[in-house]
Amino acid sequence: MRQLRRTERGKVPTTEGKRSQSRRETVVGYGFLLPWMLGFLGLTVGPMIFSLYLAFTKYNLFTAPEWVGLDNFVRMFTEDPQFMQSVQITLVYVLVGTPIKLAAALAVAMLLNYRNKGSGFFRSSFYAPSLIGASVSVAIVWRAMFSTDGPVDSSLSLFGIELGGWVGNVDLVIPMMILLAVWQFGAPMVIFLAGLKQIPQELYEAAEVDGAGPVRKFRSVTIPMLSSVIFFNLLLETINAFQVFASAFIISNGSGGPAGMTNFYTVYLYKRGFADGQMGYAAAMAWVLVIVVAIIAFILFKTQKSWVHYAGENR
Amino acid sequence: MSTIEVPRAEFLEVATEPRPPRRRRIKSKTVNTIIWFVVLLAITAVILYPLVWLVFSTFKPSSEFGQNPGLIPDNPTVDNYVKVLEGIGGTPLWRFFANSLFIALMAVIGTLFSSALAAYAFARIKFKGAGVLFAAMIGTLLLPFHVIIIPQYIIFNRLELVDTYWPLILPKFLATEAFFVFLIVQFIRNIPRDMDEAARIDGAGHVRIFFSIILPLIKPALITSAIFTFIWTWNDFLGPLLYVNSPEKYPLPIALRLYNDATSTSDYGATVAVSFLALLPILIFFIVFQRFLVDGVATQGLKG
């Protein structure tokens, strides 16, 4: 195509001309990429290297960083019960909340996929919380709804369940945060729905001919055909869940209470770095998070061969 | 004629669907649809209840919180709004709105400009290192943002840009939100190459092709990116929490905390009213543009 064009314009398609053209393309390409490159190097890669260095130092923003080797990491895992607690509650939040959220997203997506008419309205209504879920306003509403004598408590008391508020309750504050996450099932739901629409109807018909019931059809057609979308949602939602911040911060007024039960990983990181001025320690915490996220992504990518089915794979 | 047609139709029906009598099938389908509708309406009610509750609560006097957890205020009042409009700590409420609006609009301009440029390069220009850089960009989607906020803060602090809006706006002009670059790349890849190939034959360079062919064609992707950027920036809490210190420069989410902290025990009404006002532009945006938003998420997820 390119050669044809050149001859049309009356130039001989030599390798020399080709090479100079590809060089020109490279220059233009980097020209277009310049803003992104500046941001990538100056605001992502550079800071990453800097924070990796800080992770091995003691630094309070005012005096020069002091090299302490692995001290920050050792302290984290051996001398900091608050860190261990924040890891624990964050893991509970991620490991319980994400599967529930994805299950709800898939269930509702399948419901919406059943019929086209009218599903647009529901699709939009269910997506709305995903868009505003991380806002301070929603966190404030959530706190009011789950406070003592709030709407949730009073509706439950109609069924004879007396909880006396979720916000100040050590056992209920994480379930409350999980409910806030599940409430935002709309984003993965929209992605599931788009995936469901791409499953060829013939597969279901074929399964039906073979005598498959709804459960069998779900297991043998829906899940395999949707596995790449499940993989994508699982990866993204897990990583997002690790980074919950604003809602936890607002619900406890930045205190992490009650009894440290809303001291989620990033809330604790913020407190160490920006409230206590322990930038080195906070940087070390951030790197532990990066490593955890990288391990999870690695495991998911590794295992996807065994369960993720891509269309056209068996060519 | 009719005598021939009737058996034929019957034959067809039997061949494709040899299922129970027709009338019962239609009935069960209608029943299913009704159940479907009712179930989804019930889910909608639960999902939207917090928002509806918020709207109604703004008309409750502060004394009613804790006494009346229900929807309808016992003594409806607009006092909350009157009080809230005055502002807090000597800063009027409109000021916080104006601050948020300024930051969000600058973020939209910056994101559109820088993301579209980068996306065009990735989607249409063949250059050395494109593959590696594209992978690196996708990688930043998965990178926990917290690993860079500390050094970023230190950098902006060194540059004496803390307590200005630069740390909030500058990154947007440098396409740091990979989500949008990716979204636009996917969109450009779906545009047939015929038009820009033709323009290239006519001697147009990448700059011309970008501005006069691609930009107009990717309008839907740009609108989606603009709405998302606006909403995310409007809602952003951590950024302003770190970088904005003077109350008169506060955007809404941080100002909201001011109401919330100062008055949490005595003045729930004011807090709830500001929460609703802060959410209102987003809700309006959402209602107007929901199709773009939902489709944007759907395409982003699928073609990865």
Side-chain angles (χ1 to χ4, degrees), chain A residues 5 25-26 28-30 32-33 35-36 38-39 43-44 47-48 50-51 54 108 111 114-115 122-129 131-132 134-137 140-141 145 149-151 154 187 190-191 194-195 229 232 239 242-243 245-246 253 266 269 273-274 279 282-283 286-287 289-290 293 297, chain B residues 33 36 39-40 43-44 47-48 50 53-54 66 69 114 117-118 120-121 125-128 130 136 140 142 144-148 150-152 154-155 157 171 173-176 181 201 206 231 235 237-238 242 253 256-257 260-261 271-272 275 278-279 282 286 290 293-294 297-298 301-302 304:
Chain A
R5 205 161 58 234
E25 287 276 287
T26 300
V28 177
Y30 279 94
F32 272 84
L33 222 50
W36 177 79
L38 284 175
L43 292 170
T44 305
M48 274 176 74
F50 189 18
S51 87
L54 284 178
V108 177
L111 260 180
Y114 170 75
R115 236 179 78 106
F122 293 119
R123 197 180 65 150
S124 290
S125 317
F126 298 160
Y127 181 67
L131 209 57
I132 57 173
S135 73
V136 172
S137 302
I140 287 173
V141 171
M145 297 218 33
D149 297 325
S154 59
V190 167
I191 297 172
V229 181
F232 177 85
I239 292 171
F242 269 108
Q243 301 180 59
F245 178 78
N253 255 331
T266 56
L269 190 155
F274 295 98
M279 293 283 185
W287 273 97
L289 182 63
V290 170
V293 165
Chain B
T33 301
W36 179 85
V39 168
L40 283 169
I43 300 174
T44 311
I47 297 294
L48 296 185
W53 184 84
L54 170 67
S114 59
L117 275 181
Y120 179 80
I125 305 177
K126 277 205 176 112
F127 58 97
K128 281 198 186 97
T140 61
L142 302 180
F145 161 72
H146 296 84
V147 73
I148 50 178
I150 292 161
Q152 272 188 9
I154 295 169
I155 293 166
N157 191 39
F173 277 86
L174 301 178
T176 47
V181 182
I201 291 168
H206 282 299
I231 292 176
N235 279 338
F237 176 68
L238 183 57
L242 291 179
L256 237 161
R257 236 193 120 209
N260 192 31
D261 281 356
T271 312
V272 176
S275 299
L279 220 47
I282 304 285
F286 176 71
Q290 34 99 3
L293 292 166
V294 172
V297 173
L302 266 190

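Here is the naming used below: chain letters follow the sequence lines, and residue numbers restart at 1 for every chain. Only this structure's heavy atoms are used, side chains among them; waters, hydrogens and symmetry mates stay out.
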What distance do B/Ile231 atom CD1 and B/Leu293 atom CG have between them, rounded to the nearest 0.5 Å?
-> 5.0 Å

Which portion of A/Leu43 sits near chain B, non-hydrogen atoms under 4.5 angstrom | both

Chain B shares the most heavy-atom pairs under 4.5 Å, among A/Ala286, A/Ser154, A/Ser137, A/Ala187, with A/Ser137

Looking at B/Leu54, B/Thr140, B/Leu142, which makes the most heavy-atom pairs under 4.5 Å with chain A?
-> B/Leu142

Side chain, backbone, both or neither: which part of A/Leu54 has a heavy atom under 4.5 Å from chain B?
-> side chain

Portion of A/Leu111 that has a non-hydrogen atom of chain B nearer than 4.5 angstrom | both

Indicate the ring-plane relationship of A/Tyr114 and B/Trp36, choosing parallel, tilted or perpendicular according to the 30° and 60° boundaries.
-> tilted

Whether B/His146 and A/Phe245 hold their rings parallel, tilted or perpendicular, with breakpoints at 30° and 60° | tilted

Rounded distance [0.5 Å steps], CD1 in B/Ile43 versus CG in B/Leu48 = 11.5 Å

Count the heavy-atom pairs under 4.5 Å between each of A/Phe50, A/Phe122, A/Tyr127 and chain B, then report the option with the highest count.
-> A/Phe122

Report the C-alpha distance between A/Arg123 and B/Gln290 in whole Å, list the side-chain angles of each, state the deciding distance to 0.1 Å, and finish with yes or no for side-chain contact (heavy atoms from CB on, under 4.5 Å).
-> CA-CA 10 Å; A/Arg123 197 180 65 150; B/Gln290 34 99 3; 5.6 Å; no

Against chain B, work out which of A/Val290, A/Ile140, A/Leu269 has the most heavy-atom pairs shorter than 4.5 Å and name it.
-> A/Ile140

Between B/Tyr120 and A/Phe32, how do the two ring planes meet: parallel, tilted or perpendicular, split at 30° and 60°?
-> tilted

Chain B contact via A/Leu131 - which portion, at a heavy-atom distance below 4.5 Å = both

dist B/Ile148:CD1 -> A/Thr44:OG1 (nearest 0.5 Å) comes out at 4.5 Å

Chain B heavy atoms under 4.5 Å from A/Val293: which part of the residue, side chain, backbone, both or neither?
-> side chain

Which atoms of B/Thr44 approach chain A - backbone, side chain, both or neither, heavy atom under 4.5 Å | both

Find out whether B/Ile150 and A/Phe274 are in side-chain contact, i.e. whether some heavy atom of one side chain is under 4.5 Å from a heavy atom of the other.
-> yes

Look up atom CZ in B/Phe145 and atom OG1 in A/Thr266, then write down how far apart they are to the nearest 0.5 Å.
-> 10.5 Å

Measuring heavy-atom distances to chain A, does B/Leu242 have an atom under 4.5 Å in its side chain, in its backbone, in both, or in neither?
-> side chain

Is it the backbone or the side chain of B/Val294 that comes under 4.5 Å from a heavy atom of chain A, or both, or neither?
-> both

Please look at B/Ile47 and chain A and tell me whether the side chain, the backbone, both or neither of the residue comes under 4.5 angstrom of a heavy atom of that chain.
-> both

Is it the side chain or the backbone of B/Leu40 that comes within 4.5 Å of chain A heavy atoms, both, or neither?
-> both

